[in-house]
Amino acid sequence: MSTPDSNNATHADIDADVVFHAHGITKIYPMGEVEVQALRGVDLDLHTGELIVLLGPSGSGKSTLLNILGGLDTPTAGCVLYRGRDLTRATERELTEYRRYHVGFVFQFYNLIPSLTARENVAVVTEIARKPMRPEEALELVGLGKRLDHFPAQLSGGEQQRVAIARAIAKNPEVLLCDEPTGALDSSTGIVVLEAIERINRELGTATAVITHNAGIALMADRVIHLGDGLITHVNINETRKAPHELTW
Amino acid sequence: MRALNHKLVRELWQLRGQALAIALVIGAGLAAVLMSISTLDSLQNTRAIYYRDYAFAEVFASLKRAPDSLRERIAAIPGVNQVNTRVWAPVTIEIAGFTDPISGLLVSAPRAGRADLNRLYLRAGRLMDPDRSDEIVIGDAFAEAHGFQPGDRLGVIIDGKRKQLRIVGIALSPEFIYQIGPGSIFPDFARFAVLWMAPDVLATAYDMDGAFNNVTLTLTHGANAADVIDELDTVLERYGGLSAYDREDQTSHRFLSEEFKQLEQMGRTFSVIFLGISAFLLNMVISRLINTQREEIATLKAFGYSNLAIGAHYAKLVVAIVLFGIVLGVIAGVWFGQGLSHIYMEYYRLPYLHYQLRPVIVLVATLVTASAALIGTLFALQRAVRLPPAQAMRPEPPPVYRATVVERLGVQRWLSQPSRMILRHIERRPLKAALSVIGIAFAGGIVISGTFFKDSIDFMVEAEFRLAQREDIAVTFTEATSYAALHELAALPGVTRVEPVRVVPVRLRHGHHVYRTSVQGLAPNADLHRSLDLNLQPLAFPPQGILLTEYLGTRLAIKPGDTLTIEVLDGSQPVREVPLVGLVQQYIGVGGYMDLDALNRLLREDRAVSGAFLAVDEADRETVYARLKTMPRIASVRVQENSIRNYYASIGDLLLTYTAFIAGLAGAITFGVVYNSARITLSERSRELASLRVLGFTRGEIAYILLGELALLTLAAIPLGFVVGRALSAHFVATIHQELFRVPLILEPDTYTLSAIVILISALVSGLIVRRRLDQLDLIAVLKTKE
């Protein structure tokens with residue numbers, strides 16, 4: 001097993017540019033009488049401005065890892081430090097606050113609010129954020145400046161996903177967590193969506209983690225973390241990131 | 001199919017909250033129906049059995065005095081089966097420490113050991129020994145009111161002579177199921193008593209040796225009551241006979257029948273409303289519930305289950321819930337029905353209760369309820385199976401929304417995104433929102449229709465006892481007497497005003513409409529006992545002609561200006577024609593009213609009175625009661641204050657108890673509907689709300705979105721519920737417009753408030769339960785699942 005960073009990192013010597021420092025994360029789900037070990041001691045750091053891809057087949061533990069990073073789930077053992085704050089000891093209220101101010105989520109199925117327009121779907125988040133950008137600005141960033149007042153039903157799948165990205169980044173989050181963002185899209189639409197994610201990462205410097213089982217996407221990342229059976233199997237570092245339009249799958 | 005059955009059981013368990021709430025709606029609706037119908041059935045059934053087993057007579061007549069030998073002639077009338085001749089005597093009763101006047105009716109006891117008519121049901125003690133002159137049996141209501149036991153003594157004034165009598169038994173009689181004193185229409189168990197004495201003892205005491213003044217008889221099978229009555233009238237004519245009558249005009253039977261009629265009308269109306277409403281709500285709730293199962297249905301279809309198999313599966317789910325509700329409803333209905341019947345038995349002196357629940361009623365109610373549920377299921381399933389499974393299993397295309405009317409009016413900028421979500425969600429599915437509102441409104445409406453009676457009854461009492469009958473005491477003389485009797489009353493210390501009244505029993509006839517009642521002759525300047533016009537203003541008595549209670553006008557199909565035939569049932573029994581000059585607003589009882597002098601002229605009699613209305617100084621009341629007891633000419637004394645109390649204690653109480661049951665059930669339905677609306681909205685929107693939680697919304701913030709919608713719908717439903725409640729109440733008032741009393745439609749703010757409170761509390765409790773569910777939303781599942 002190779003580890004992406006030093007196993008010996010302590011709270012004190014975490015670099016200032018480390019957004020997440022996860023150490024020895026284990027997650028066990030009790031499933032009736034058997035226990036399913038989703039994660040078996042994962043160590044991972046994510047740095048400011050970095051774009052990583054978590055790659056693995058289904059059941060490899062990548063979603064569990066993302067959920068734990070996003071404050072949606074807590075590990076059975078191990079610790080996750082976000083900017084030095086221990087997420088594993090956070091209360092429900094603190095986790096809500098963490099998601100509210102620091103994390104942007106993009107889901108496979110967009111999870112837009114159908115009763116709100118594109119602009120309002122973004123506003124739903126900016127209204128509760130601390131230093132958000134204007135919803136129009138966020139939508140401009142994902143190339144939807146002209147479709148502000150369209151309802152989800154009036155948008156294509158790719159456009160809906162881009163609204164979801166705009167919604168995720170409009171609060172100016174420190175991290176952007178994307179769970180199979182292209183999973184429900186065809187490849188050409190998927191590329192448009194990935195371009196939006198890449199642009200956010202590049203222009204805003206938001207640390208970004210993208211989950212996928214699609215190896216084709218891996219080339220756009222700074223680092224590709226391969227997961228299998230609850231463990232990090234190996235890590236690839238791309239010297240140069242490929243632009244999404246160069247990707248194929 | 002075994003797997004499907006497992007799914008059924010598990011889903012029932014998962015849905016237990018909602019299933020319970022639906023069962024509550026069904027159960028409450030059914031309970032209201034069964035309670036109303038079984039109470040009436042039981043009372044009617046009990047009365048019929050009681051009449052049969054205790055040989056209640058079929059024809060009744062009073063007369064002045066006839067020799068016992070006349071009995072044979074009566075028995076010889078064709079069509080007469082059994083004859084019972086007897087004495088009955090109005091008496092006054094004295095109880096130490098109880099100052100209010102007590103009047104009583106002392107009746108010859110049916111002869112023991114023989115198959116006599118109107119037999120007594122002995123509740124305690126024994127029947128009197130015919131050889132002992134001081135033994136009596138008393139009615140159980142009176143005994144209960146004063147706590148009398150066999151062995152106690154009672155002072156009774158018979159024909160002016162005071163006698164000390166010993167109570168040996170406590171009994172009930174089919175003749176006195178509904179017990180009211182002369183001049184009253186409501187029972188007063190403490191101030192009116194029925195007493196029985198051995199026939200010979202009573203004859204001696206009342207100076208009726210070898211004679212009788214009352215006869216009752218039964219008819220042979222197939223005999224015509226009218227023919228027997230005519231013949232009996234002929235036989236009794238020279239003995240001062242008052243017109244004979246059949247059961248329909250026997251006081252107890254008639255009042256009881258009227259009350260049963262009223263109960264039947266109310267029961268029928270409540271049944272239709274409750275069944276209708278619970279069926280409507282059930283249909284709505286079930287079809288929404290099935291809608292939330294859309295994806296599962298698609299999955300089953302994908303596996304190759306036929307539409308029929310899926311339909312059967314969901315039908316089973318619904319039937320299981322419905323059956324549970326029905327079991328709940330039958331248990332509650334029987335329980336409430338028995339409870340209510342026993343409460344009624346406090347007022348109707350029945351010796352026992354034969355509780356009866358006709359299976360056909362349960363069957364019909366079950367069929368109506370189950371059909372409503374299954375039709376709701378069918379429609380929802382039809383929608384669900386129409387979609388090809390692949391499409392139903394793919395993420396549903398987002399539903400189409402648009403900016404709401406409210407927002408387009410320009411208030412958009414004032415609304416936060418969550419508020420917009422609430423408004424748009426309501427406006428996008430206006431039908432669904434409307435159905436929820438209508439459902440809650442109907443539930444609120446039945447709360448009103450179940451509680452408005454209190455306001456109406458208060459209003460009736462106000463009109464009857466404060467505006468119309470304002471006397472403190474009403475006195476009835478033993479027979480019509482001269483005006484001189486009034487001077488004697490006016491001379492009593494404390495009496496401030498005396499007004500004469502002449503009450504004459506009559507049969508009113510207009511065309512083929514006939515009605516037996518009485519006409520009251522009142523002084524033209526009457527100030528105590530007045531009649532009110534339809535606007536509740538005091539009416540001046542016209543010097544000619546008659547006024548009729550508005551109800552009677554309708555019943556006789558007569559209008560002012562028409563001529564009415566009056567057949568007097570007293571004295572020389574003249575038949576006269578008089579013009580109807582106006583209608584009187586009267587909520588309790590019915591009758592005709594004339595100027596006293598005009599009435600006396602009509603009877604071709606001198607100025608005579610049969611009673612008087614008195615105003616008495618508060619401080620002197622007891623003295624006046626005491627003095628009145630000593631006046632032999634006075635048959636009965638009615639204290640107005642007691643009338644009001646009796647009214648509340650009898651009919652008022654019954655009505656309020658009944659409607660309280662109804663209101664409680666309506667409350668249960670309200671809760672069931674509101675809770676289900678909330679739960680279904682939660683299951684429809686949980687994904688959206690979980691997404692917002694992931695995006696960093698707090699629990700409170702997402703609760704606002706869900707509960708805000710519920711609150712908005714609830715608030716819209718409340719005023720609509722007022723409208724529905726008023727309409728339902730008006731319907732009730734129309735259906736129970738009857739002889740005994742007519743209920744005015746009066747809805748005070750407190751009735752509306754109660755309905756609003758019931759809805760609000762239901763909404764609040766439902767909201768809290770849903771809020772707890774919201775706190776347990778699965779945030780991770782939402783990332784991976786589509787709708």
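Here is the naming used below: chain letters follow the sequence lines, and residue numbers restart at 1 for every chain.
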Asks: Kindly check if the number of other-residue, nucleotide or ligand heavy atoms within 6.0 Å of NE2 (A:His150) is above 12?
Replies: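 Yes, because the 6.0 Å sphere around NE2 of A:His150 holds more than 12 heavy atoms from other groups.
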Asks: At their closest point, which heavy atom of A:Thr96 faces which heavy atom of B:Arg693, and how far apart are they?
Replies: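 The pair with the smallest heavy-atom distance is OG1-NH1, 3.2 Å.
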Asks: Restricting to non-hydrogen atoms, name the atom on A:Val124 and the atom on B:Phe697 that form the minimum distance, rounded to 0.1 Å.
Replies: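 Answer, listing the atom of A:Val124 first, then B:Phe697: O-CZ, 3.0 Å.
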Asks: Under 4.5 Å heavy-atom distance to chain B, tell me which part of A:Arg93 shows up: side chain, backbone, both or neither.
Replies: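 Neither the backbone nor the side chain of A:Arg93 comes within 4.5 Å of chain B.
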Asks: Just wondering, are more than 12 heavy atoms of other shown residues or ligands nearer than 6.0 Å to CZ in B:Arg773?
Replies: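 12 or below, so no.
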Asks: Under a 3.5 Å distance rule, please check whether A:Arg100 uses its side chain to pair with a backbone N or O of B:Leu695 as donor and acceptor.
Replies: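 Looks like no, no N/O pair under 3.5 Å.
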Asks: Between B:Arg699 and A:Glu92, is there a side-chain heavy-atom distance shorter than 4.5 Å?
Replies: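 When only atoms from C-beta onward are counted, B:Arg699 and A:Glu92 do touch, with a gap below 4.5 Å.
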Asks: Which heavy atom in A:Asn111 sits nearest to a heavy atom in B:Ser691, and how many Å separate them?
Replies: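 What the structure gives for the nearest pair is ND2-OG, 2.7 Å.
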Asks: Between A:Thr117 and B:Arg424, does the side chain to side chain contact (heavy atoms under 4.5 Å, CB included) criterion hold? Intermediate values first, please.
Replies: CA-CA 11 Å; A:Thr117 62; B:Arg424 287 180 193 169; 4.2 Å; yes
Asks: Is it the case that the side chain of B:Gln417 and the backbone of A:Leu116 share a donor-acceptor pair, with hydrogens and angles ignored and the cut-off at 3.5 Å?
Replies: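 Such a contact is absent between B:Gln417 side chain and A:Leu116 backbone.
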Asks: In terms of heavy-atom contacts, does CZ of B:Arg16 have more than 12 from other residues, nucleotides or ligands at under 6.0 Å?
Replies: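 Yes - once you tally the heavy atoms of other residues, nucleotides and ligands closer than 6.0 Å, there are more than 12.
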